[in-house]
Enquirer: 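Submitted below is the structure of interest, expressed as structure tokens.
Side-chain atoms are counted along with the backbone in the values below, which use heavy atoms only and exclude waters and symmetry mates. None of the values given here were measured: they were computed from a predicted structure.
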Amino acid sequence: MVNAFTYLDNQLHAERVPASMLAEQYGTPLYVYSRAALTDAYRSYADACTGRRAKVHFAVKANSNLAVLSVFVRLGAGFDIVSGGELARVLAAGGKPNDVVFSGVGKSAAEMRIALDMGGCCFNIESLAELEHLNQVASESGRIAPISLRVNPDVDVKTHQYISTGLKSTKFGVAFDDARATYRAALGMKYLRITGIDCHIGSQITEISPYLNAIDKILELVVQVESDGALIQHIDIGGGLGIRYHDETPPNIGMFVKTILDHFTQRGHSHREIWFEPGRSLVGNAGILLTRVEYLKPGPVKNFAIVDAAMNDLIRPAMYNAYHTVDAVTPRNNQPLVTYDIVGPVCESGDWLARDRPFILETGDLLAIRSVGAYGFAISSNYNSRPRAAELLVDGAQVHVARQRETITKLMDGELVLPDYI
Ligand SMILES: *Cc1c(COP(=O)(O)O)cnc(C)c1O
């Protein structure tokens with residue numbers, strides 16, 4: 001795996017560009033992505049699929065920036081989307097409807113219609129009600145919708161409860177025990193064409209065994225629904241492969257893919273087309289967030305380094321208690337280390353980015369928060385009326401502005417003060 005963010009002469013670089021130069025020129029907080037890291041992660045999937053009928057759909061929700069999407073379009077990726085907005089982004093980046101899988105538990109009629117009118121995109125259906133709804137919308141549009149059912153294989157993946165999705169108790173997928181009947185129902189619906197089966201068991205999964213367990217259950221079902229007359233052309237095993245944030249030891253991508261594909265072969269299903277829907281493992285370690293120290297605030301219990309990035313820019317620590325490595329952009333070594341909590345300016349105690357980290361810091365220093373390429377900017381908000389950060393994509397010595405820093409004026413777009421006559 002390419003580490004695109006390394007030190008050269010005691011200066012953190014994004015590929016060949018000093019991070020301090022980027023912060024100087026584009027301001028902070030600043031998301032910086034490495035094209036080499038994105039490419040390397042995608043190739044790890046694609047190379048391991050060579051010679052097999054397999055396809056990689058990037059889960060757009062992890063990072064939906066158009067520049068990032070266009071890197072994947074050029075590499076030949078497909079896309080897993082969960083909304084009409086994501087569909088529009090994929091098309092704007094040059095993606096093709098044929099390479100799109102439409103997931104999500106609550107697709108609206110409008111979203112279904114747009115996707116149907118474009119044609120080609122496969123719907124992952126998550127309930128009987130949604131199946132009936134899609135059949136209805138497709139009949140009105142005079143189209144046949146390709147579908148697969150997202151089945152919940154009820155396997156425990158031992159990850160954070162908010163990102164575990166394959167258990168009976170989650171809102172996702174058709175319950176395993178109902179899946180056969182739901183496929184039978186789909187067979188009777190005139191405007192649907194069954195093309196495959198899908199599951200997605202969670203996120204930040206660092207072991208392969210839950211996938212193998214899920215696959216065994218899914219294959220059991222595949223045999224049953226094919227005996228009922230459905231044709232399962234593809235098996236989508238979802239995304240969820242974890243990355244290293246701190247001390248996790250996830251399998252590397254190539255080994256993960258090979259193990260999965262070999263498992264299908266061992267079970268006598270090498271003829272199936274296998275789809276992957278990775279998000280985090282494609283983009284997570286391809287991004288850093290640069291932030292500047294505004295104030296140092298020593299205290300009786302804790303020392304705080306108050307920086308200009310906050311929970312609105314990166315909510316993973318607050319939301320999932322997530323650990324992100326934080327490094328000084330230009331490390332100092334002339335004084336003893338002091339332990340700091342790295343916190344933002346937002347008025348919430350939950351506004352922290354890292355806890356108990358040893359540093360030698362001075363006001364104005366730059367920090368790099370690592371592994372923020374997935375679910376970083378994508379979940380950012382304007383809380384506390386903070387404009388969203390700029391995003392850059394670095395390619396060697398070239399810098400591309402992937403998203404301009406949001407302006408205060410733009411924050412108020414579409415809002416109206418109360419007129420005098422009310
Ligand atoms: C979120 C999601 C993914 C991607 O998950 P990662 O953990 O980022 O790999 C894939 N498929 C579906 C249906 C999802 O909801």
Enquirer: Measuring from Ile342:CD1 to Thr291:OG1, what's the distance to the nearest 0.5 Å?
Expert: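 Ile342 CD1 to Thr291 OG1: 9.0 Å, rounded to 0.5 Å.
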Enquirer: Pair Tyr245, Gln204 - check side-chain hydrogen bond (donor to acceptor under 3.5 Å, both in side chains), show working.
Expert: CA-CA 10 Å; Tyr245 285 101; Gln204 186 54 17; 4.8 Å; no
Enquirer: How many angstroms lie between CG in Leu314 and CE in Met319, if you round to the nearest 0.5 Å?
Expert: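 Taking CG in Leu314 and CE in Met319, the distance rounds to 10.5 Å.
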Enquirer: Would you sort out whether Thr195 and Gln233 count as a side-chain hydrogen bond (donor to acceptor under 3.5 Å, both in side chains), showing the intermediate values?
Expert: CA-CA 5 Å; Thr195 60; Gln233 290 164 298; 5.2 Å; no
Enquirer: Dump the intermediate steps for ring pair (Phe, Tyr, Trp, His ring centres under 6.0 Å) on Tyr211 and Phe256, then the final yes or no.
Expert: CA-CA 10 Å; Tyr211 286 94; Phe256 168 78; 4.9 Å; yes
Enquirer: Does NZ or CZ of Arg52 come closer than 6.0 Å to the centre of the six-membered ring of Phe264, within 45° of the ring's axis?
Expert: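 Output no; distance or angle outside limits.
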Enquirer: Would you say the ring centroid of Phe72 lies under 6.0 angstrom from that of Phe58?
Expert: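 Yes: the rings meet the under 6.0 Å criterion.
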Enquirer: If the test is side-chain contact (heavy atoms from CB on, under 4.5 Å), which one of Leu22, Leu8, Val329 qualifies with His13?
Expert: Leu8
Enquirer: So how far is it from His133 NE2 to Met112 CE, rounded to the nearest 0.5 Å?
Expert: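 So the gap between those two atoms works out to 5.5 Å.
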Enquirer: CG of Asn98 to SG of Cys122: how many Å apart, nearest 0.5 Å?
Expert: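 These two atoms lie 11.0 Å from each other.
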Enquirer: Strictly below 4.0 Å, N to O, side chains only: are Lys55 and Asp99 in salt-bridge contact?
Expert: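 Counted as a salt bridge, because a side-chain N and a carboxylate O are separated by less than 4.0 Å.
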Enquirer: Using a 6.0 Å distance limit plus a 45 degree cone around the ring axis, check whether Lys107 lies over the aromatic ring of Phe123.
Expert: no
Enquirer: Heavy-atom distance under 4.5 Å between the side chains of Ile215 and His269, does that happen here?
Expert: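 Heavy-atom side-chain distance check fails, nothing below 4.5 Å.
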